[in-house]
Amino acid sequence: MNISLREITADTVRAVCKLVAEPAGYVAPNAISIAEAYFYPEAWFRAIYAGEEPIGFVMLEDSSQRRPAPAQAEVSLWRFMIDAKHKGKGYGRAALRLVIADVRRRHPGLATFATSCVPGPASPRPFYESLGFVCTGEIVDDEEVLVLRLDPPPTP
Ligand SMILES: CC(C)(COP(=O)(O)OP(=O)(O)OC[C@H]1O[C@@H](n2cnc3c(N)ncnc32)[C@H](O)[C@@H]1OP(=O)(O)O)[C@@H](O)C(=O)NCCC(=O)NCCS
């Protein structure tokens with residue numbers, strides 16, 4: 001499966017903004033995320049590609065990008081989506097594995113990688129759990145918090 005994470009450019013930004021998450025209500029539109037990234041120094045984002053086609057979007061909150069940077073970096077998954085046309089093909093899992101590997105490489109000392117999701121009938125919680133994330137029981141901004149331990153490496 002030829003999945004990659006690529007920087008978004010002037011040539012690709014419209015295609016990434018046209019990607020649609022279904023059902024609605026579980027993630028912000030990509031155009032909103034990219035606009036927010038302009039104002040949040042901790043935002044790190046990439047388009048997800050299958051071959052040469054943009055099929056998804058990921059945005060992290062990486063506190064080490066703030067100035068001054070905190071002594072202890074915290075990194076979490078802020079936005080993650082695969083276009084409705086491409087759901088259920090294994091792309092989401094492959095892309096999130098790439099994201100996790102990249103976070104490990106850039107932050108070797110990091111103990112955990114967190115995310116959160118809106119509860120509901122199409123909640124992606126089982127998707128995250130299948131990758132080793134565990135629900136903490138915490139609710140932040142009406143979203144369930146899940147954490148992946150990065151040390152030792154998870155088995156899935
Ligand atoms: C959640 C999402 C990113 C998953 O991407 P995907 O490419 O469809 O997922 P995959 O095909 O890689 O699926 C991997 C596994 O997770 C399961 N899964 C995927 N989405 C799921 C969901 N919403 N609920 C339950 N299980 C789900 C799949 O059934 C599959 O399980 P299997 O291997 O046992 O068959 C994608 O469906 C999406 O963009 N959803 C809408 C937006 C969203 O919820 N984003 C997350 C915001 S926190």
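The shown structure was predicted, so the numbers you read here are calculated from the model rather than taken from an experiment. Note: hydrogens, waters and symmetry copies are ignored here, and every other heavy atom, side chains too, is used. We count ligands from 1, going down the list as the structure has it; atoms in each ligand are counted the same way.
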Geometric N/O contact Ile82 with ligand 1, under 3.5 angstrom: yes

Protein heavy atoms: any of them under 4.0 Å from [atom]?
atom                    : answer
atom 29 (O) of ligand 1 : no
atom 22 (C) of ligand 1 : yes
atom 1 (C) of ligand 1  : yes
atom 5 (O) of ligand 1  : yes

Under 4.0 Å to a heavy atom of [X] - the qualifying atoms of ligand 1, by number:
X     : result
Met81 : 39 (O)
Lys87 : 8 (O), 37 (O)
Tyr91 : 7 (O), 12 (O)

Protein residue, atom and distance nearest to [atom], heavy-atom basis:
atom                    : value
atom 47 (C) of ligand 1 : Tyr26 O, 3.4 Å
atom 46 (C) of ligand 1 : Phe80 O, 3.2 Å
atom 12 (O) of ligand 1 : Arg93 N, 2.8 Å
atom 40 (N) of ligand 1 : Glu22 O, 4.0 Å
atom 11 (O) of ligand 1 : Gly90 N, 2.7 Å
atom 20 (N) of ligand 1 : Phe127 CB, 4.0 Å

Identity of the nearest option to atom 8 (O) of ligand 1, non-hydrogen atoms only, from Gly92, Ala21, Cys117, Gly88: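 Selected option, by shortest heavy-atom distance: Gly88.
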
Side chain to side chain contact (heavy atoms under 4.5 Å, CB included) partner of Leu60, the single match among Phe45, Phe80, Phe113: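 Testing Leu60 for a side chain to side chain contact (heavy atoms under 4.5 Å, CB included) against Phe45, Phe80, Phe113 leaves exactly one candidate, Phe113.
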
Considering all heavy atoms, the nearest Asn30-Val16 contact: ND2-O, 3.0 Å

Whether over 12 other heavy atoms sit under 6.0 Å from Arg14 CZ: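 Open.
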
I'd like to know if [X] and [Y] make a salt bridge, using a cut-off of under 4.0 Å between side-chain N and carboxylate O.
X      : Y      : value
Glu143 : Arg125 : no
Glu22  : Lys87  : no
Asp102 : Arg46  : no

Check: Ala50 main-chain N/O paired with Asn2 side-chain donor or acceptor under 3.5 Å: no

Any donor-acceptor N/O pair, Glu42 side chain to Glu61 backbone, under 3.5 Å: no

Aromatic ring pairing Tyr40/Trp78, orientation class (parallel under 30°, perpendicular over 60°, tilted between): perpendicular

Whether Tyr128 and Phe133 hold their rings parallel, tilted or perpendicular, with breakpoints at 30° and 60°: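 Perpendicular, since the angle between the ring planes exceeds 60°.
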
With heavy atoms only and a cut-off of under 4.0 Å, state how [X] meets ligand 1: side chain, backbone, both or neither.
X      : answer
Arg125 : neither
Ala122 : backbone
Tyr128 : side chain
Lys89  : backbone
Val27  : side chain

Would you say [X] contacts ligand 1, with heavy atoms under 4.0 Å as the rule?
X      : answer
Ser123 : yes
Ser116 : yes
Glu143 : no

Between Asp11 and Thr9, a side-chain donor and acceptor under 3.5 Å: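 Their side chains do not contain a donor-acceptor pair, so the 3.5 Å distance test is not met.
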
Student check: side-chain heavy atoms of [X] and [Y] closer than 4.5 Å:
X      : Y      : answer
His107 : Asp62  : yes
Leu131 : Leu148 : no
Ser116 : Val140 : no

